[in-house]
2 protein chains.
Amino acid sequence: MKKVQNILNENNIKPTFERLSILQYLESGTNHPTAGMIYEAMRKKIPTISKTTVYNTLKILKSHDIIHSISVPDGETHYDVNTQVHYHFYCTECHKIYNLELDCPQLENKLIEGHKINNFHGYFTGICKKCLKKNNN
Amino acid sequence: MKKVQNILNENNIKPTFERLSILQYLESGTNHPTAGMIYEAMRKKIPTISKTTVYNTLKILKSHDIIHSISVPDGETHYDVNTQVHYHFYCTECHKIYNLELDCPQLENKLIEGHKINNFHGYFTGICKKCLKKNNN
DNA sequence: GTGGCTGCAAATCATTTGCATATAC
DNA sequence: GTATATGCAAATGATTTGCAGCCAC
């Protein structure tokens with residue numbers, strides 16, 4: 001908890017219980033939750049929390065570059081605390097998102113074909129190994 | 001028009017006027033339209049067309065791998081007929097999507113870390129060259 | 001006439017917004 | 001007390017669904 005406390009302090013974000021809990025939750029896992037998933041997880045700990053607070057918190061964390069949002073083809077925005085650029089794999093069957101170890105385009109040179117680059121996100125889609133096994137392929 | 005006619009025939013998709021027009025529209029440009037943009041463009045040609053037909057057509061084209069959907073952080077699904085894997089650049093200011101010439105991960109080896117790969121999409125985000133100029137940066 | 005398209009309207013679902021209350025310093 | 005955070009409810013906007021009419025073969 002110390003760590004997330006510090007992250008918020010360093011960014012001049014008031015460390016409320018809700019914000020600490022949400023960031024803690026994001027830091028503790030390697031899943032890439034949606035706002036809805038975060039809301040459901042938080043409710044177990046803070047039954048009175050509202051979706052508004054979840055969205056507000058995600059917005060402020062994102063604006064300070066503490067988290068990134070990733071877009072995959074399921075209509076929901078997912079969030080990731082791993083701010084290092086890396087590829088994802090999105091399973092079209094179970095909708096889980098995995099991190100991949102592949103080398104990524106470097107953003108050092110922040111200009112590509114005249115455009116100023118801020119960020120990169122790459123994802124593969126397909127069937128994950130668990131679903132492959134389940135379907136005994 | 002011949003070309004899109006053939007594409008639909010080869011895939012056993014009944015080549016209705018609406019479907020031909022939508023696919024023609026997608027084939028003719030390098031923009032990466034959303035369903036809404038396609039609907040608006042179609043209305044000029046077919047004033048009676050409905051959004052349902054646009055969505056239905058996109059769904060059937062996608063299921064035959066004639067088009068791909070791409071997800072960028074604007075909450076709308078964009079569509080792309082360029083089925084060759086390539087990177088995109090998404091401008092967070094004007095929301096335009098550009099194609100990039102960079103080399104992409106090859107999908108030949110269709111297994112990565114145990115997952116079966118069907119597709120790849122990578123996008124950079126930032127400020128495009130037009131918006132940079134407009135802001136005279 | 002039967003199956004498959006089309007199109008309207010309503011439903012759904014993620015996200016945003018307005019506002020009123022609560023909390024912290 | 002004032003600013004800021006929270007939370008409810010309503011609004012928005014993309015997409016989906018149910019259903020009725022229509023068209024082609």
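Keep in mind that the numbers below use all heavy atoms, side chains included, and drop hydrogens, waters and symmetry copies. Within every chain, numbering begins at 1; the chains are lettered A, B, ... in the order of the sequence lines, protein sequences first and strands thereafter.
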Discussion item. What's the closest nucleotide to the side chain of A:Arg19 if the choices are C:dT6, D:dT6, D:dG7?
Written reply: D:dT6
Discussion item. Using 0.5 Å steps for rounding, measure from the CD1 atom of B:Ile49 to the NZ atom of B:Lys44.
Written reply: 13.0 Å
Item to complete: Give a yes or no on whether the ring-centroid distance for A:His88 and A:Tyr90 is below 6.0 angstrom.
Response: no
Discussion item. Base, sugar-phosphate or nothing for B:Thr48? Non-hydrogen atoms, less than 4.0 Å.
Written reply: sugar-phosphate
Worksheet item: Can you name the closest pair of heavy atoms from B:Cys128 and B:Tyr98 and give their distance?
Response: SG-OH, 3.2 Å
Worksheet entry | Presence of B:Thr16 side-chain N/O under 4.0 Å of C:dT6 phosphate oxygens OP1/OP2 | yes
Fill in: Aromatic ring pairing B:His32/B:His86, orientation class (parallel under 30°, perpendicular over 60°, tilted between)
tilted
Item to complete: Respond yes when some side-chain nitrogen or oxygen of B:Thr77 is under 4.0 Å from OP1 or OP2 of D:dA14, and no when none is.
Response: no
Discussion item. Is the phosphate of D:dT16 approached by B:Tyr55 (side-chain N or O, under 4.0 Å from OP1 or OP2)?
Written reply: no
Discussion item. Once rounded to the nearest 0.5 Å, what's the spacing between atom OG1 of A:Thr125 and atom CD1 of B:Ile117?
Written reply: 7.5 Å
Item to complete: Could you tell me whether A:Thr52 contacts a base, only the sugar-phosphate backbone, or nothing, with contacts defined as non-hydrogen atoms closer than 4.0 Å?
Response: base
Worksheet item: Are the aromatic ring centres of B:Phe124 and B:Phe89 under 6.0 angstrom apart?
Response: no
Worksheet item: Do the side chain of A:Ser50 and the base of D:dC8 come within less than 3.5 angstrom through a donor-acceptor pair of N or O atoms?
Response: no
Practice prompt. Anything below 3.5 Å on both distances counts as a pair; with that, list the stems of at least three consecutive Watson-Crick or G-U pairs involving DNA chain C.
Written response: C:1-25 with D:1-25
Item to complete: Please evaluate the base of C:dC5 for a donor-acceptor partner in the side chain of B:Thr53 within a cut-off of under 3.5 Å?
Response: no
